[in-house]
Amino acid sequence: MKKILTLVFAVMLLVAMTAVAAAGTTVYVTVCVDGKLEVAAQPVSVSELTADAVIKAAHAAFYPGGESGYAAGIDPTFNMFLINKFWGVDGVPFVIVNAAPIGANPGDPTVDAYPVKNGDNVIISISSDPMTPAPAVALTVDVEGDSATITATNWILDFMTFSYSSQPFAGADVIDPATGASLGVTDAEGKVTVAAGSVAAVGGAAAIPTDGSSASVSGAAPSAPSEPSAPSMPSGQQGDVPGMPAAGSAGAIKPIVEDKNLMLLMIGGIIIIVPAFVGILTVARKEAKKHEEESARFI
């Protein structure tokens, strides 16, 4: 009987793990190539919660050549994970997650180990011209009622010190990327308030959902390091070493009870597990009864 109960719990655990893997996590992706938006805050689903997995999923969903447009791995020279091709362009892009580019804070994991969560806003920007740095614009959004306030921050990498500085992305045009309609211009603080609803693109360099689906909110943005950092490679642009922002910098994390996807996952898991448990328990009882009857024959 103990073996049967062990089997029951093992099957329940397996079913629960399968339900979690199948549910996936939704992350919003923007792709900027040479200052032009190729993808504007479109959802991709990933089961592996890393920035690397998000980039692969974006290529699979939107790049004409699929994942062939992306190449990354352990660089033999620096013995660390590096991106060497993105969207078919040779080089390493800025990878911005919510409020800051990966690598804005020194000493963090590379992009293959950078964690993402449901609702994160990921912006990947690359330039095909090594002499022209790609824009690195981070967006956060606060949605309240029928309005959404976007905060745009321009991040600048100093290739001499390999450290970042940031400033408000002021005077940038904000449009609806689907229609091209003007939504406003960012003010001196890099802010603009628009009607909540779909997607807003800022300065042709970044985009974010404005319907509340993105977990990227202002108020948690990390500041650039006060002292120049000195990683072995730059942390964001061509030839960089992608890393991870400090804890809490990726935007507000919704409480578990407010995460609709997690709630659906829990409900789905219960729906699957309960019938499985009842079925296995029924079989176990039948086997136990059969064992008792067979034992009684020899008494």
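Being a predicted model, the structure only gives us computed values, none of them experimental. As a basis for the values below, the full set of heavy atoms in this structure was taken, side chains included, without hydrogen atoms, waters or symmetry mates.
Thr153 places a side-chain heavy atom less than 4.5 Å from the side chain of Ser166. Between Tyr28 and Pro43, the closest side-chain pair of non-hydrogen atoms falls below 4.5 Å. For the pair Thr110/Leu82, no side-chain contact is recorded, criterion being any heavy-atom separation below 4.5 Å from C-beta on. Contact of the Asp176 side chain with the Ser198 side chain is registered, since non-hydrogen atoms from C-beta on lie closer than 4.5 Å. Within the 4.5 Å cutoff, the side chain of Thr50 has no heavy atoms near those of the Asp112 side chain. Within the 4.5 Å cutoff, the side chain of Phe169 has heavy atoms near those of the Val202 side chain. Side-chain contact between Tyr63 and Val39: absent, with no pair of heavy atoms (C-beta onward) separated by less than 4.5 Å. Looking at heavy atoms from C-beta onward, Ile55 lies in side-chain contact with Ile83 at the 4.5 angstrom threshold.
When all heavy atoms of Ala206 and Ile123 are compared, the pair lying nearest together is CB-CD1, 3.5 Å. In terms of heavy atoms, Lys117 sits closest to Val27 at O-CG2, 3.8 Å. When all heavy atoms of Thr26 and Asn118 are compared, the pair lying nearest together is N-OD1, 3.0 Å. Closest heavy-atom contact between Ala104 and Trp155: CB-CZ3, 3.9 Å. In terms of heavy atoms, Val116 sits closest to Ala51 at CG1-N, 3.9 Å. The minimum heavy-atom distance between Ala152 and Thr186, with the atom names listed, is CB-CG2, 4.4 Å.
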**Prompt:** Can you check side chain to side chain contact (heavy atoms under 4.5 Å, CB included) on Ile96 and Val122, steps first, answer last?
**Reply:** CA-CA 6 Å; Ile96 301 155; Val122 179; over 6 Å; no
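By the side-chain contact (heavy atoms from CB on, under 4.5 Å) test, Asp173 is found to be paired with Val185, residues two or more places apart in sequence or in another chain being considered.
With hydrogens and angles left out, the side-chain atoms of Ser128 and Asp34 include a donor and acceptor closer than 3.5 Å. The closest side-chain donor-acceptor pair between Tyr70 and Asn84, if any, does not fall under 3.5 angstrom. No hydrogens or angles considered: a donor-acceptor pair under 3.5 Å links the side chains of Thr149 and Thr193. Asn121 and Asn98 form no side-chain donor-acceptor contact under 3.5 Å, judged by distance and modelled atom types alone.
The environment of CD in Glu189 is sparse: at most 12 heavy-atom neighbours from other residues, nucleotides or ligands sit within 6.0 Å.
Atom-to-atom distance recorded for Tyr164:OH and Asn105:CG is 10.5 Å, nearest 0.5 angstrom. For the atom pair CD (Glu38) and OG1 (Thr30), the distance works out to 11.5 Å, reported to the nearest 0.5 Å.
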